[in-house]
Amino acid sequence: MRILVIHGPNLNLLGRREPEIYGRESLEEINEMLRRKAEELGVELRIIQSNYEGEIVTAIGEAMDWADGIIINPAAYTHTSVAIRDALAAAGLPAIEVHISNIFKREPFRHHSYISPVVDGVITGLGGYGYVLALEALVRRLSDKT
Ligand code: DQA
């Protein structure tokens with residue numbers, strides 16, 4: 001089973017970026033946690049981070065030839081990007097949207113996601129651990145248990 005994990009813009013700054021909102025865990029620490037869980041589940045992971053919308057769109061398109069599922073934190077593009085939504089819809093792969101913070105507890109402009117209607121599920125507000133939960137849920141879904 002192969003899963004593509006996509007971290008969107010500014011997530012490379014995790015740990016130093018507004019820690020009162022996003023916590024003190026770095027992106028590398030989150031990725032390490034994900035790699036450990038993937039090994040435990042026997043899953044192959046590819047993890048990318050990009051600050052560029054077009055790069056994320058391209059990665060989703062390429063995932064059609066490689067991945068069985070996608071975990072994506074589109075970060076600020078969640079609230080703006082029709083292009084990323086269309087890419088996910090076009091790929092048609094099982095996908096889970098993750099947010100570190102609870103977007104519904106924050107400014108109203110973060111309450112709307114262009115992405116949520118085209119993914120299987122959303123995890124928001126559980127910190128970096130949300131990615132691990134997303135991985136478990138996706139593997140379960142791909143194994144046909146849900
Ligand atoms: C975020 C929430 C978004 O609103 C924000 O723009 C981000 C990160 C999160 O993980 O909590 O950059 O996706």
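As the structure is a computational prediction, the values presented were derived from the model and not from experiment. Counting starts at 1 for both ligands and their atoms, in listed order.
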Notebook entry, point to check: With a 4.5 Å heavy-atom cut-off, do His7 and Ile48 have their side chains touching?
Noted result: no
Next item on the list: State, to 0.1 Å, how close Ile70 and Ala63 come at their nearest heavy-atom pair, and which atoms those are.
Entry: CD1-CB, 4.2 Å
Notebook entry, point to check: Short N/O distance, under 3.5 Å, between Asn73 and ligand 1?
Noted result: yes
Check: Where's the contact between Arg17 and ligand 1, heavy-atom distance under 4.0 Å: side chain, backbone, both or neither?
Finding: side chain
Checklist line | Arg110 contact mode with ligand 1 (heavy-atom cut-off under 4.0 Å) | finding: side chain
Check: So His79 and Phe109, would you call those rings parallel, tilted or perpendicular, with 30° and 60° as cut-offs?
Finding: perpendicular
Notebook entry, point to check: At a non-hydrogen distance cut-off of under 4.0 Å, which region of Ile21 contacts ligand 1 (side chain, backbone, both, or neither)?
Noted result: neither
Next item on the list: List the closest protein heavy-atom neighbour of atom 3 (C) of ligand 1: residue, atom name, distance to the nearest 0.1 Å.
Entry: His79 NE2, 3.5 Å
Notebook entry, point to check: Can you tell me which residue and heavy atom of the protein come closest to atom 9 (C) of ligand 1, and the distance to 0.1 Å?
Noted result: Ile100 N, 3.3 Å
Check: Can you tell me how far CG of Leu14 sits from OH of Tyr22, rounded to the nearest 0.5 angstrom?
Finding: 8.5 Å
Check: Side-chain donor-acceptor pair under 3.5 Å between Asn51 and Gln49, yes or no?
Finding: yes
Note to self: If you define the side chain from C-beta out and look only at heavy atoms, does anything of Trp66 sit under 4.5 Å from Arg2?
What the structure shows: yes
Check: So is Ala76 polar-close to ligand 1, meaning N/O to N/O under 3.5 Å?
Finding: yes
Checklist line | Contacting atoms of ligand 1, where contact means under 4.0 angstrom from a heavy atom of Ile103 | finding: 2 (C)
Check: Do Pro94 and Leu142 come close enough that some side-chain heavy atom pair is under 4.5 Å?
Finding: yes
Notebook entry, point to check: What protein heavy atom sits nearest atom 7 (C) of ligand 1, and how far off is it?
Noted result: Tyr22 OH, 3.5 Å
Notebook entry, point to check: If you round to the nearest 0.5 Å, how far is OG of Ser116 from CD1 of Ile96?
Noted result: 12.0 Å
Notebook entry, point to check: Taking the six-membered ring where the residue is Trp, are the ring centres of Tyr114 and His112 under 6.0 Å apart?
Noted result: yes
Notebook entry, point to check: Has Asn10 got any heavy atom lying under 4.0 angstrom from an atom of ligand 1?
Noted result: no
Notebook entry, point to check: With a 4.0 Å heavy-atom cut-off (strictly under), which part of Thr124 contacts ligand 1: side chain, backbone, both or neither?
Noted result: neither
Next item on the list: Would you mind checking which non-hydrogen protein atom is closest to atom 11 (O) of ligand 1, with the distance to 0.1 Å?
Entry: Ser101 OG, 2.6 Å
Margin query: Considering non-hydrogen atoms of the protein only, which is the closest contact for atom 1 (C) of ligand 1, and what is the distance?
Written below: His99 ND1, 3.7 Å
